[in-house]
Participant: 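First, the structure itself, so that you have it in front of you.
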Amino acid sequence: MKRHLLSAADLSVDEVASILDLAEEMSAVQSRPVKKLPALRGRTVVNLFFEDSTRTRSSFELAGKWLSADVINISAKGSSVSKGESLRDTVLTVAAMGVDALVIRHMASGAPLQASQWVDAHVVNAGDGTHEHPTQALLDAYAMRRHFRAADPGFSWADKTVAVVGDLTHSRVARSNVLLLRTLGARVVLVAPPTLLPSGVDSWPAEVCTDLDPVVESADVLMMLRVQRERMSGGYFPTPREYTVGYGLTRDRLARMKPGAAIAHPGPMNRGLEISADAADSAASLVLDQVASGVAVRMSVLYHLLGGSDEDAAAGPSKGTTA
Amino acid sequence: MVIDAAEMSRTLTRMAHQVLEANHGARDLVVLGIPTRGVPLARRLAGLMADVEGHPVPVGQLDVTMYRDDLRTQPTRPVGRTVLPAEIDGAVVVLVDDVLYSGRTVVAALDALSDLGRPAAVRLAVLVDRGHRQVPVRADHVGKNLPTASHERVQVRLEEIDGVDDVTISRVLEGSRAEDSQAEGSR
């Protein structure tokens, strides 16, 4: 595996399988009386969050702690960032303390990539601007894989269609999901009003459709994206009501879904806007599975990045330093 | 070759009887194999014990990867599964592995067990004890003691994984002892 996890495209199909398999084991560990594993004892993980987050930050924190790493959280508010320190200085200052991994969330696309060029520590992208959120895509894939396997243990991703519906322009989750699902071999259909299709969407490895209704009946998973009102300055669609009629997963569309199909949503949900309460709470909904698998998947990612020696595998083990 | 298929079968039968004898039956026994090759060995031992006792003996597996003391000196290792067939609090856990060498794997297994519960006792059964211990660990039940030089390599092959049952000793090139101990770790 590469040194950093910056993009879902950094992962090969075997690496994804390995991460998801270990996540299954990690999720079994969570039902034990002692949830901690000693694998990352002595390692330090810093969560550097320049943007608000509850579930991602807390699940990275628990993931690190349950692997026995020392974890500290730094958020922009209450740190020197609010005194005007630059990203580079903040990252270098934290790295100078000798940390092994930096988990970075930033409102600017590409910030984790930049940080990875400044420091020796492993860098994990925990969401950068409207670019990517690879661990969210991994846990979505984990939840979908569990869903498909429950029906058919030998299922193939090549037979599956995943529709990603909604605010594609502002969604880093969508981009990471598209890249990861293509690596796995699934067919991906993007559905959004023309105003919410990102520029350059033609070059994405996915089909694009501006009408949700035909897709509802053929998709194996409908992944509803949150309408990110905080990132919109208006003008993307006339009214919320109109968005719901065109692109929301309404009760009517829920009824027309393919039997056995599932509903995913990266959260937090706007009930009544992109997803109806009936859909969010239906048996087909994977929403709670997605949240529940967050810690296990992130434990697996941290183990894959930090679990071995820092030398390249090709360099071979350096023995003899038993002191 | 030092053990062939017929010999291995006789050895495992003897070990199954020894475990039962030492425990005065299969009461409270939980047999746990250490991946990779300890797992099929544990299943065979449990099967043999069940034949003697007339009822099933719980068998599972215990992965110790995350408890190893050499994690940081090697590229990231794949992690195996842990499957507990029964509650281990108060049970007599029999750990099963193919080769006992440095003993570090057993230390890792004991650490892993202590996070899972508190067995009444822990026993160790190994198919081959090749010596060269680096920690104070001994096996309760040994299939065969194989005195070896540390530059030699002991390979156990099992039907379930390798398609054949046997144990062989091969000579590793001089000067690659580090490689040898690594081979033991990734067995």
Side-chain angles (χ1 to χ4, degrees), chain A residues 1-3 5 11 14-15 17-44 63-64 66-69 100-101 122 296 299-323, chain B residues 32 35-36 39 60-91 102 104-105 107-119 134-135 150-151 172-173 175-186:
Chain A
M1 195 159 140
K2 289 190 180 175
R3 184 168 178 77
L5 179 58
L11 301 168
D14 290 339
E15 286 164 347
S18 169
I19 290 173
L20 300 187
D21 288 346
L22 179 58
E24 298 269 359
E25 281 309 297
M26 295 300 98
S27 121
V29 171
Q30 287 168 34
S31 56
R32 294 184 190 170
V34 179
K35 295 182 173 64
K36 254 174 137 73
L37 291 163
L40 299 187
R41 203 167 47 199
R43 305 271 190 172
T44 306
W66 285 352
L67 287 172
S68 302
D100 298 290
H122 299 268
M299 284 172 83
S300 178
V301 166
L302 289 178
Y303 177 76
H304 277 84
L305 289 175
L306 295 175
S309 74
D310 258 349
E311 319 304 319
D312 283 335
S318 55
K319 291 266 172 178
T321 48
T322 40
Chain B
L32 296 178
T36 308
V39 176
Q61 61 189 77
L62 178 69
D63 186 74
V64 306
T65 309
M66 289 199 169
Y67 292 85
R68 303 196 80 98
D69 59 4
D70 58 354
L71 269 183
R72 294 186 71 158
T73 62
Q74 293 183 30
T76 307
R77 291 164 178 272
V79 176
R81 298 187 62 198
T82 292
V83 181
L84 296 183
E87 191 65 48
I88 63 164
D89 283 333
S102 68
R104 289 175 189 268
T105 303
V107 173
L110 293 172
D111 286 343
L113 264 187
S114 70
D115 278 355
L116 290 165
R118 188 178 182 280
Q134 294 166 357
V135 283
S150 53
H151 62 265
V172 174
L173 291 172
S176 55
R177 296 173 65 162
E179 211 174 286
D180 188 37
S181 65
Q182 193 190 346
E184 195 256 357
S186 58

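The sequence lines fix the lettering, A, B, ..., with proteins before strands; numbering per chain opens at 1.
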Participant: Supply the atom-to-atom distance Met299(A) CE to Met66(B) CE, rounded to the nearest 0.5 angstrom.
Facilitator: 6.5 Å

Participant: Run the numbers on Arg32(A) and Leu116(B) for side chain to side chain contact (heavy atoms under 4.5 Å, CB included), then give the verdict.
Facilitator: CA-CA 7 Å; Arg32(A) 294 184 190 170; Leu116(B) 290 165; 3.1 Å; yes

Participant: Relative to chain B, which segment of Leu67(A) carries a heavy atom at a distance below 4.5 Å: side chain, backbone, both, or neither?
Facilitator: side chain

Participant: Contact part of Lys36(A) toward chain B, heavy-atom cut-off under 4.5 Å: side chain, backbone, both or neither?
Facilitator: backbone

Participant: Any idea which heavy atoms bring Asp115(B) and Val34(A) closest together, and the distance?
Facilitator: O-CB, 3.3 Å

Participant: Quick one: salt bridge (Lys or Arg N to Asp or Glu O under 4.0 Å) partners of Lys2(A), sequence neighbours excluded?
Facilitator: Asp10(A)

Participant: Is any side-chain heavy atom of Arg43(A) less than 4.5 Å from a side-chain heavy atom of Arg72(B)?
Facilitator: yes

Participant: With a 4.5 angstrom heavy-atom cut-off, could you sort out which part of Thr82(B) is near chain A: side chain, backbone, both or neither?
Facilitator: both

Participant: Hey, mind stepping through Leu71(B) and Arg41(A) against side chain to side chain contact (heavy atoms under 4.5 Å, CB included) and telling me if it holds?
Facilitator: CA-CA 10 Å; Leu71(B) 269 183; Arg41(A) 203 167 47 199; over 6 Å; no

Participant: Quick check: closest heavy atoms across Ser309(A) and Thr73(B), and the distance to 0.1 Å?
Facilitator: CB-C, 3.7 Å

Participant: Nearest 0.5 Å, what's the CG-OG1 distance between Leu306(A) and Thr76(B)?
Facilitator: 8.0 Å

Participant: Which atoms form the tightest heavy-atom contact between Tyr303(A) and Arg77(B), and what is the distance?
Facilitator: OH-O, 2.9 Å

